[in-house]
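Notes for the one structure printed next.
All residue numbers refer to positions in the sequence shown, counting from 1. The structure presented is a predicted model; accordingly, all values stated were derived computationally and were not measured.
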Amino acid sequence: MSETRWLYTPAETGSAYVQWADKLRTDPGIDYGCVLDRVLIPLHPGDLMAVVARPGHGKSSFMAYMAKRTAQRIRASGRDDRECVVYVTWEQSVEEIEAFFQSGDAYNSTDLAWGRVPRDVIIRRCLQRPTLPVWLMGNSVMAADPHRQPMYVDTVFEQIRWLQDRFGIRPALICLDYLQIIPVSGGMERNRQVHEAVINAKALALAVGCPIIAGVQASRAVDDRRSPIPTLSDAQWSSSIEQTADKQIALFRPIREWTPDEEPSIPVGKYHYANTNELLVIRVLKQRFDVGYGTYAVRFVPQTLEMADYEVRDLCDF
């Protein structure tokens with residue numbers, strides 16, 4: 001077995017960078033399908049992107065949206081026999097996450113959660129599911145195993161290596177849901193555990209050679225502010241998330257904090273937006289190699305994983 005090499009000569013890194021620059025021209029990376037495409041550099045191999053939010057404000061659904069969007073592009077390119085998206089969940093069962101990818105025009109994830117969808121409709125949808133290359137990793141309630149070992153980041157790497165060896169498929173994107181509950185071996189205090197999980201997640205992105213999006217729980221301090229949009233320092237448990245992530249965005253759903261009667265419109269930038277279930281506020285907190293700030297509004301339907309920019313019109317046009 002050859003020894004792993006970490007040191008490269010200036011000539012080698014220069015040559016490698018030419019290849020990297022060529023790759024960026026032919027494959028611009030994973031975009032976001034919304035206003036973020038104008039302000040946020042696309043995701044590239046080795047990137048770690050942190051998505052920060054309070055519970056219920058869209059971390060999982062935003063990552064599922066990115067997973068589905070990326071998988072659809074893989075399928076359209078004809079690379080679905082060589083590439084996939086891997087969604088790793090520690091918070092929910094794989095069956096709960098699967099509801100995101102089963103949803104569609106006829107029914108959504110809320111309908112599935114309530115058991116309102118006829119069985120024959122579910123079966124038809126499930127027969128089509130293999131055409132969407134999203135692999136799920138986590139605990140299954142239908143295959144529960146009390147003796148199963150904790151799922152460490154090393155476990156994720158081993159499963160991805162198995163995916164590549166067994167099926168010849170490599171991940172184009174990995175989603176980790178979510179960072180602060182990734183178990184770390186050894187009896188260390190919680191802050192140190194989260195620090196290790198963050199470092200391991202970034203190492204995984206570099207080792208596998210694909211971008212990683214990681215959900216991050218924001219601290220409760222956000223709830224006490226008039227503008228409860230998480231900031232760069234609001235990542236719960238550890239500042240290492242702020243330091244290690246290449247990109248960091250915050251999510252905020254105003255309808256989760258105020259009813260339309262309490263706050264009928266929400267100011268975002270120079271515009272006001274109606275406070276509805278579909279309004280999602282996204283704040284860019286950090287990105288390497290470019291300016292990392294700005295707050296934007298998008299129309300997002302988490303039940304069907306649909307996202308679009310708002311069409312803004314001047315009232316003088318009417």
I need the minimum non-hydrogen distance between Ile229 and Arg225, along with the two atoms involved.
O-NH2, 3.5 Å
Donor-acceptor pair, distance only, cut-off 3.5 Å: does the side chain of Asp111 make one with the backbone of Arg116?
no
Main-chain N/O of Thr9 paired to Glu12 side chain as donor or acceptor, under 3.5 Å
yes
Decide yes or no for Val51 and Leu251: does some side-chain heavy atom of the first lie under 4.5 Å from some side-chain heavy atom of the second?
yes
Counting C-beta onward and ignoring hydrogens, is there a side-chain heavy-atom pair between Leu132 and Val85 closer than 4.5 Å?
no
Should the pair Asp223-Arg220 be classified as a salt bridge under the 4.0 Å nitrogen-to-oxygen rule?
no
Take a 6.0 Å sphere around CH2 of Trp162 and say whether it holds more than 12 heavy atoms from other residues, nucleotides or ligands.
yes
Residue pair Val86 / Cys175, side-chain heavy-atom distance below 4.5 Å:
no
Side-chain heavy atoms nearer than 4.5 Å, only ILVMFWY residues, links allowed to pass through others: does that put Leu163 and Leu204 together?
yes
Taking the side chain as every heavy atom from C-beta outward, state whether Trp90 and Pro183 have any atom pair closer than 4.5 Å.
yes
Point-to-point distance, once rounded to the nearest 0.5 Å, from CE of Met49 to CD1 of Ile30
10.5 Å
Looking at every non-hydrogen atom in both residues, tell me the closest pair between Met307 and Cys34 and how far apart they are.
SD-SG, 3.6 Å
Could you check whether the rings of Tyr273 and Tyr271 sit parallel, tilted or perpendicular, using 30° and 60° as the cut-offs?
perpendicular
Identify whether the distance between the nearest side-chain nitrogen and carboxylate oxygen of Arg124 and Asp120 falls below 4.0 Å.
yes
What's the separation between atom CD1 in Ile266 and atom CD1 in Ile255, rounded to the nearest 0.5 Å?
8.0 Å
Euclidean distance, Asp177 CG relative to Tyr87 OH, rounded to 0.5 Å
3.5 Å
Between Glu83 and Ala172, which heavy-atom pair has the shortest distance, and what is it?
OE1-CB, 4.1 Å
Note: Ile41 and Phe289 closest approach over all heavy atoms is CD1-CB, 4.3 Å
Looking at side-chain heavy atoms only, is the closest gap between Arg170 and Arg82 below 4.5 Å?
no
Does a side-chain N-to-carboxylate-O contact under 4.0 Å join Arg299 and Glu306?
no
Looking at Gln128, is its backbone amide N or carbonyl O close enough to the side chain of Thr131 to form a donor-acceptor pair, meaning the two atoms are under 3.5 Å apart?
yes
Taking Tyr32's backbone N and O only, do any of them form a donor-acceptor pair with Tyr65's side chain (distance below 3.5 Å, no angle check)?
yes
Give the intermediate values and the outcome of side-chain hydrogen bond (donor to acceptor under 3.5 Å, both in side chains) for residues Ser77 and Arg79.
CA-CA 6 Å; Ser77 69; Arg79 302 193 309 269; 3.0 Å; yes
How far apart are the closest heavy atoms of Val198 and Ile241, and which atoms are they?
CG2-CG1, 3.3 Å
Would you say Asp47's side chain and Leu43's backbone share a donor-acceptor pair under 3.5 angstrom?
no
Could you walk me through whether Ser140 and Glu95 pass side-chain hydrogen bond (donor to acceptor under 3.5 Å, both in side chains), step by step?
CA-CA 7 Å; Ser140 167; Glu95 288 84 2; 2.5 Å; yes
Is there a donor-acceptor pair under 3.5 Å between the side chain of Arg54 and the backbone N or O of Gln217?
no
Ser60 and Glu91: which non-hydrogen atoms are nearest, and at how many Å?
OG-OE1, 4.1 Å
Measure the shortest side-chain to side-chain distance between Tyr107 and Leu112 over non-hydrogen atoms and say whether it is less than 4.5 angstrom.
yes
Within-4.5 Å side-chain heavy-atom neighbours: Leu176 and Ile213:
no
Between Glu242 and Lys286, does any side-chain N to carboxylate O distance fall below 4.0 Å?
no
Is the terminal nitrogen or CZ of Lys68 (NZ for Lys, CZ for Arg) located under 6.0 angstrom from the six-membered ring centre of Phe101 and within 45° of that ring's axis?
no
Okay, side chain of Thr244, backbone of Ser240: is any donor-acceptor separation there less than 3.5 Å?
yes
Spatial distance of atom CZ (Arg38) from atom CG (Leu36) [nearest 0.5 Å]
9.5 Å
CD-CD distance between Gln287 and Gln248, expressed to the nearest 0.5 angstrom:
12.0 Å
Checking the side chain of Glu263 only, and the main-chain atoms of Pro260 only, is there a donor and an acceptor separated by less than 3.5 Å?
no
Exactly one candidate in Phe300, Phe62, Trp258, Tyr296 meets ring-ring contact (aromatic ring centres under 6.0 Å, His included) with Phe252; the answer is Trp258
Do Pro254 and Asn275 have side chains that get closer than 4.5 Å, going by heavy atoms?
yes
Between Arg256, Glu257, Arg253, which is the residue that forms a side chain to side chain donor-acceptor pair (under 3.5 Å) with His57?
Glu257
Is there a donor-acceptor contact under 3.5 Å from the side chain of Asp27 to the main chain of Leu24?
no
Would you call Asp80 and Arg75 a salt bridge, using N to O less than 4.0 angstrom?
no
Looking at Asp31 and Arg73, does any basic side-chain N land under 4.0 Å from a carboxylate oxygen?
yes
Quick check for you: to the nearest 0.5 Å, what is the distance between Gln164 atom CD and Gln159 atom CD?
12.0 Å
